[in-house]
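Okay, structure first, notes after.
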Amino acid sequence: MSTDKKDTSSMEKLVSLCKRRGFIYQSSEIYGGIGGFWDYGPLGAELKRNLRDTWWRAMTREREDVVGLDATIIMHPQIWKASGHVDTFTDPMADCLLTKKRFRADHVDLQSGMVYHFTGATGEESTKSDVPFAVLTPFGKPRESALKVAKLFYESRGVKTPEPTGGEQGEKVENTRAYNPENGAQLTEPRPFNLMFKTYVGPTATEKDVAYLRPETAQAIFAQFRNVVDSSRVKVPFGICQIGKAFRNEVTPKNFTFRSREFEQMELEFFIKPDEAVEILAGSVVTWSEGADLSTPQPNWGWDMWHRYWVSQRVEYYNSIGLGTDVLDYYWQGPDDLAHYARACVDILFKFPFGTEELEGIAARGDFDLSQHQKHSGKPQEFFDDELKVAAAKLTDGQKEALIQKRIAFEAAKTKGTPLTEAEVRAWFDRLFKGFYVPHVIEPSAGLDRLALAVLAQAFTEEEKADVNGKTEVRTIMRLHPRIAPIKVGVFPLLKNKPELVGKAREVYDLLKKHMNCFYDETAAIGRRYARQDEAGTPFGVTIDFETLGEKGDELKDTVTVRERDSNAQHRVKISELLGWLLQRLA
RNA sequence: GCGGGUGUAGCUCAGUGGUAGAGCACUUCCUUGCCAAGGAAGAUGUCGCGCGUUCGAAUCGCGUCACCCGCUCCA
């Protein structure tokens, strides 16, 4: 995905503020830190909890069609075999010996030509090298071109004006991936990079006991699909969502918490009927067209309507926590980017200071995952749809055959993956007409740590302000949406040497703290306390002043000053109405 | 994993071989009448870590760890 502008300095400021105020620390810092792992401090822990809660509420509690799951991090290793992670997570890598450029060893273009094997080189000032090196040159090119590359190689190893030795005769080689296509230089032996963290279950720690820390939370949902269906009276279309840790042994963790080795995912697997089932039940299938109404799911929606629906739902969610359209972007994967089993995938991107990068991917994955588990476990992962069975029974043989022929034509037109044979299509429809199908899935998969970073980056604002002495200074304000702010309200007695103010302030604090995260502060001048809370992102400050005590007349007695972080506006609010006033603005 | 950069107080940074510093922040006290006021006192460092060179290392060398940038990777 794209990178537009880089803003390293604002990122550095954000990292610094995160540490200073207790949002995010480096893991294991006293031992020098450990790459790709980050801890959340007091404010960060609250922020993350709030984000987690808003997601959970939006995805399951406020919906009738999604249920939750909380599965283990370590699961049966077969799960990762079935999902493809054991194979595809192992990327063989090879480096160019000359330029150090790195290649996916299995992605290097196949080449043929003459290979010249050099055994070393001698040079001026008795510099020399015994390191062997080989160069591939296209057929028809002279040996000198190979020699030129070899000289560069030995020069880079400290040999002055080198004369490579050996390599007099070229060797004919065909279809090799062992040389850099750009310059012909030899690549290192491919080394595997498995991105899954490995561990051992049980005391013996043999190869038989190998297990993996999950690299995504999604597979647990698929693995428990049958149990959820059997125990919770859900009917397709419905979803299962989960929040939890996932682990990837990234080659290069970077951009603060953006790419970490341990991270938290928030995933939904939303199971839908195959389009053929929709067609049988509803008579026709609605497909996406620009401007279609996505507000309420309809029984005749095809998979792409559901996909678009979830994109719009997710965008609505981001808007609800303060990430508006101005900071979001989208990337629709083209046919070439898509995995063979995926039908569509859109990334919701956020404009981070280091570039526009993915917050969430929403993929239409067909029935790939459940089918894989059905195949590997030998346990059926079908859903039985009563209404479908009844509707299918009413179809004529001709209608049935028309559906089958349509699918056969669709399979024949496939350009990716292995198309189903006619026999397989007929077997699939045989099950479908009896009411059985493996549901298709729409998968909105979001990164919680990325979201936390996004809202922090979005909230980070600097303002120049003159202090009482007229000296301008830069102040940092974290304009976090009140719904996710770690501290909702700061409670301050105007002065701490007046026991009446302090006593009243403690009363107000005790009143509020049962309902929201509050912070009591009586140190330093009031302006400083406001400023501290601005950096923590606290949306409201409540100050107990002399009016509260009734010194300015009875009508102001038992009222407090409520100060808004973003506008500096002040309101007089009765203590008896304060809780309601705040709750209304935090909802 | 490769190349480049950085690492000194909580934060930002100065300090190029000779007793570890500044600003801000922090703690306590005084003061205080709404946006980082003022005064006084105080605490804070294995100069990222290890090894070496040296009479002596934050400073020089080697190694290592972490972070940043660029490659590479991101199923």
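In what follows, every chain begins at residue 1, and chains take the letters A, B, ... in the order their sequences are listed.
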Inset, instruction - Check every strand shown and say whether A:Leu495 touches a base, only sugar-phosphate, or nothing at a heavy-atom separation below 4.0 Å. - result: base

Inset, instruction - Supply the atom-to-atom distance A:Arg563 CZ to A:Phe540 CZ, rounded to the nearest 0.5 angstrom. - result: 11.0 Å

Legend entry - Phosphate OP1/OP2 of B:C26 contacted by A:Arg532 side-chain N/O (<4.0 Å): yes

Legend entry - Candidate nucleotides B:C35, B:C29, B:A37, ranked by approach to the side chain of A:Arg475 - the nearest: B:C35

Inset, instruction - With C1' as the reference atom in both, quote the distance from B:C60 to B:C55 in angstrom, rounded to an integer. - result: 16 Å

Legend entry - Rounded distance [0.5 Å steps], CG in A:Leu448 versus CD1 in A:Ile243: 7.0 Å

Inset, instruction - Please measure how far the C1' atom in B:A37 lies from the corresponding atom in B:C30, and state the result in whole Å. - result: 14 Å

Inset, instruction - Assign each of A:Ala524 and A:Asp534 to its nearest nucleotide of RNA chain B by heavy atoms, then name whichever residue's nucleotide is nearer the 5' end. - result: A:Ala524

Legend entry - Within 45° cone and under 6.0 Å: A:Arg585 NZ/CZ vs A:Trp581 ring: yes

Inset, instruction - State the pairing partner of B:A40; accept Watson-Crick or G-U wobble contacts with both distances under 3.5 Å, and report none otherwise. - result: B:U28

Inset, instruction - State the pairing partner of B:G18; accept Watson-Crick or G-U wobble contacts with both distances under 3.5 Å, and report none otherwise. - result: B:C55

Legend entry - A:Ser16 side chain near B:U12 phosphate (N/O to OP1/OP2, under 4.0 Å): yes

Legend entry - A:Phe247 CZ to A:Ile73 CD1 distance, which is reported to the nearest 0.5 Å: 4.5 Å

Inset, instruction - Could you tell me whether A:Gln570 contacts a base, only the sugar-phosphate backbone, or nothing, with contacts defined as non-hydrogen atoms closer than 4.0 Å? - result: base

Legend entry - P-based separation of B:A57 from B:G52 [nearest Å]: 12 Å

Legend entry - Nearest-Å distance once atom P is located in both B:G1 and B:U64: 10 Å

Inset, instruction - Among the candidates B:A36, B:G33, B:C29, find the nucleotide nearest to the side-chain atoms of A:Lys496. - result: B:C29

Inset, instruction - Could you give the distance separating B:C47 and B:G21 at their C1' atoms, to the nearest angstrom? - result: 11 Å

Inset, instruction - Look at all strands and tell whether A:Arg20 reaches a base, only sugar-phosphate, or nothing, counting heavy atoms closer than 4.0 Å. - result: sugar-phosphate

Inset, instruction - Determine which nucleotide pairs with B:A9, using a 3.5 Å limit on both distances of a Watson-Crick or G-U wobble pair. - result: none

Inset, instruction - May I ask you to say what A:Glu547 touches in the nucleic acid, namely base, sugar-phosphate or nothing, with a heavy-atom cut-off under 4.0 Å? - result: nothing

Inset, instruction - Report yes if the distance between the aromatic ring centroids of A:Phe256 and A:Phe258 is under 6.0 Å, otherwise no. - result: no

Inset, instruction - With RNA chain B as reference, determine whether A:Lys19 or A:Lys498 sits nearer its 5' end, using the nearest nucleotide of each. - result: A:Lys19

Inset, instruction - Using a 4.0 Å heavy-atom cut-off across all strands, classify A:Gln219 as base, sugar-phosphate, or nothing. - result: nothing

Legend entry - Separation of the P atoms in B:G33 and B:G38, to the nearest angstrom: 14 Å

Legend entry - G-U wobble or Watson-Crick pairing nucleotide for B:C2 (cut-off 3.5 Å, both distances): B:G70

Legend entry - Whole-angstrom distance between B:U6 and B:A14, as gauged at atom C1': 16 Å

Inset, instruction - Would you indicate which nucleotide in B:U72, B:C67, B:A36 comes nearest to any side-chain atom of A:Lys254? - result: B:U72

Inset, instruction - Using the salt bridge (Lys or Arg N to Asp or Glu O under 4.0 Å) rule, pick out the option among A:Arg529, A:Arg532, A:Lys496 that qualifies with A:Asp521. - result: A:Arg532

Inset, instruction - In whole angstrom, give me the gap between the P atoms of B:A66 and B:U27. - result: 34 Å

Inset, instruction - Have a look at A:Asn497 and say if it touches a base, only the backbone sugar-phosphate, or nothing, with a 4.0 Å heavy-atom cut-off. - result: base

If you restrict it to nitrogen or oxygen atoms, what contacts under 3.5 Å exist between nucleotides 43-45 of chain B and the protein, and what is each distance?
none

Inset, instruction - Working to the nearest 0.5 Å, report the span between OG1 of A:Thr561 and CD of A:Glu547. - result: 6.0 Å

Inset, instruction - Side chain of A:Phe546 only, please: which of B:G33, B:U72, B:C35 is the nearest? - result: B:G33

Inset, instruction - With heavy atoms under 4.0 Å as the rule, sort A:Gly361 into base, sugar-phosphate or nothing. - result: nothing

Inset, instruction - Nearest 0.5 Å please: distance from the CD atom of A:Glu357 over to the CG atom of A:Asp347. - result: 10.0 Å

Inset, instruction - Go ahead and name the base partner of B:C49; Watson-Crick or wobble counts if both distances stay under 3.5 Å, otherwise write none. - result: B:G63

Legend entry - Residue-phosphate contact under 4.0 Å: A:Arg528 side-chain N/O, B:C26 OP1/OP2: yes

Inset, instruction - Look only at the side chain of A:Gln381 and the backbone of A:Leu370, and say whether a donor-acceptor pair between them is shorter than 3.5 Å. - result: no

Inset, instruction - Quick one: label A:Phe256 by what it contacts on the DNA or RNA (base, sugar-phosphate, nothing), any heavy atom closer than 4.0 Å. - result: sugar-phosphate

